[in-house]
Amino acid sequence: MNRIFRDITLWIRVLIAATFIFSAISKAVDPVGGQLKIEEYLNAWGLNFLSPISLTICFIQIAAEALLGFSLLYKIFIKKVSVISIVVMSIFTLLTLYITLTDSVSDCGCFGEIVNLSNRQTFFKNIILLRSLVL
């Protein structure tokens with residue numbers, strides 16, 4: 001039973017790490033597109049005054065996703081990174097629920113222009129990943 005549990009947690013950790021890394025890479029390919037998507041989110045939340053730093057926010061998001069992904073993949077500070085990942089996924093799941101209900105943003109932009117997910121698809125993706133994280 002312990003072996004099965006270890007195998008399952010390994011695959012979940014790799015899946016979540018891959019999701020973070022793929023998301024970071026897809027945003028890094030087109031940071032200006034990421035900047036525009038962040039501006040769309042900021043406008044939807046009434047935070048237009050942050051638009052001048054949206055490109056900086058985009059680069060911070062890319063770096064954070066890559067760092068979380070590689071840390072999960074290589075088990076670097078695994079307990080702290082797991083907690084941080086749960087917090088990040090919880091926040092983004094709530095934000096995705098908000099944009100799903102209000103339809104204030106056209107699509108999530110989670111994977112840049114490489115994969116377009118609707119807000120509803122993104123919300124369910126986040127629920128599945130979040131549920132996997134808290135196993």
Side-chain angles (χ1 to χ4, degrees):
M1 185 65 176
N2 282 339
R3 171 120 175 115
I4 294 171
F5 183 73
R6 278 196 316 260
D7 288 347
I8 290 171
T9 56
L10 168 71
W11 283 107
I12 289 171
R13 183 173 50 81
V14 169
L15 172 70
I16 293 169
T19 302
F20 276 127
I21 293 167
F22 180 68
S23 179
I25 290 170
S26 64
K27 288 179 182 118
V29 169
D30 181 19
V32 174
Q35 174 188 15
L36 295 173
K37 185 52 72 175
I38 287 172
E39 287 177 359
E40 189 177 351
Y41 275 95
L42 292 174
N43 289 335
W45 300 326
L47 301 171
N48 306 11
F49 64 92
L50 292 175
S51 288
I53 62 167
S54 58
L55 186 59
T56 303
I57 294 169
C58 181
F59 282 121
I60 290 169
Q61 182 180 13
I62 291 167
E65 287 178 344
L67 186 62
L68 284 173
F70 284 112
S71 295
L72 282 171
L73 188 62
Y74 294 110
K75 295 172 90 173
I76 301 169
F77 302 114
I78 192 67
K79 289 183 182 182
K80 290 179 183 177
V81 169
S82 295
V83 170
I84 292 168
S85 297
I86 290 170
V87 170
V88 167
M89 286 300 302
S90 297
I91 291 168
F92 280 101
T93 300
L94 291 173
L95 295 176
T96 305
L97 175 61
Y98 173 78
I99 65 167
T100 299
L101 295 175
T102 62
D103 203 29
S104 54
V105 177
S106 59
D107 66 78
C108 76
C110 303
F111 302 110
E113 291 297 317
I114 295 174
V115 177
N116 288 317
L117 297 176
S118 70
N119 295 330
R120 180 170 286 156
Q121 290 170 327
T122 302
F123 177 71
F124 288 118
K125 171 199 59 95
N126 287 353
I127 291 292
I128 291 167
L129 292 176
L130 187 59
R131 177 67 182 127
S132 299
L133 270 170
V134 294
L135 271 180

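Numbering starts at 1 and runs along the sequence shown.
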Provide the closest heavy-atom pair for [X] versus [Y] in the form atom of the first, atom of the second, distance.
X	Y	answer
G69	A17	O-CB, 3.2 Å
Y98	S104	CE2-OG, 4.1 Å
N119	T96	O-CG2, 3.6 Å

pair S71-F20: side-chain heavy atoms closer than 4.5 Å: no
Beyond-backbone contact of P31 with F59, side-chain heavy atoms, under 4.5 angstrom: yes
Other residues, nucleotides, ligands: >12 heavy atoms within 6.0 Å of F92 CZ: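 At most 12 heavy atoms, drawn from other residues, nucleotides or ligands, come within 6.0 Å of this atom.
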Would [X] and [Y] show up in the same hydrophobic cluster when neighbours are defined by side-chain heavy atoms closer than 4.5 Å?
X	Y	result
I38	I53	yes
W11	L73	no
L72	V88	yes
L130	V14	yes
F124	L97	yes

From [X] [atom1] over to [Y] [atom2], what is the distance, rounded to the nearest 0.5 angstrom?
X	Y	atom1	atom2	value
L47	E39	CG	CD	12.5 Å
K80	S85	NZ	OG	14.0 Å
T100	L95	OG1	CG	10.5 Å
I62	S23	CD1	OG	9.0 Å
F123	L101	CZ	CG	8.0 Å
L10	K75	CG	NZ	7.5 Å

Verdict with reasoning, V105 to K37, per side chain to side chain contact (heavy atoms under 4.5 Å, CB included): CA-CA 9 Å; V105 177; K37 185 52 72 175; 4.0 Å; yes
CA sep, side-chain torsions, deciding dist, call: I84, L68, side chain to side chain contact (heavy atoms under 4.5 Å, CB included): CA-CA 8 Å; I84 292 168; L68 284 173; 3.7 Å; yes
Aromatic plane relationship, Y41 with W45 - under 30° parallel, 30 to 60° tilted, over 60° perpendicular: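 Answer is tilted, since the angle falls between 30° and 60°.
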Expected output: side-chain S54 to main-chain S51 donor-acceptor under 3.5 Å: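 Yes.
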Whether S82 side chain and I78 backbone form a donor-acceptor pair below 3.5 Å: yes
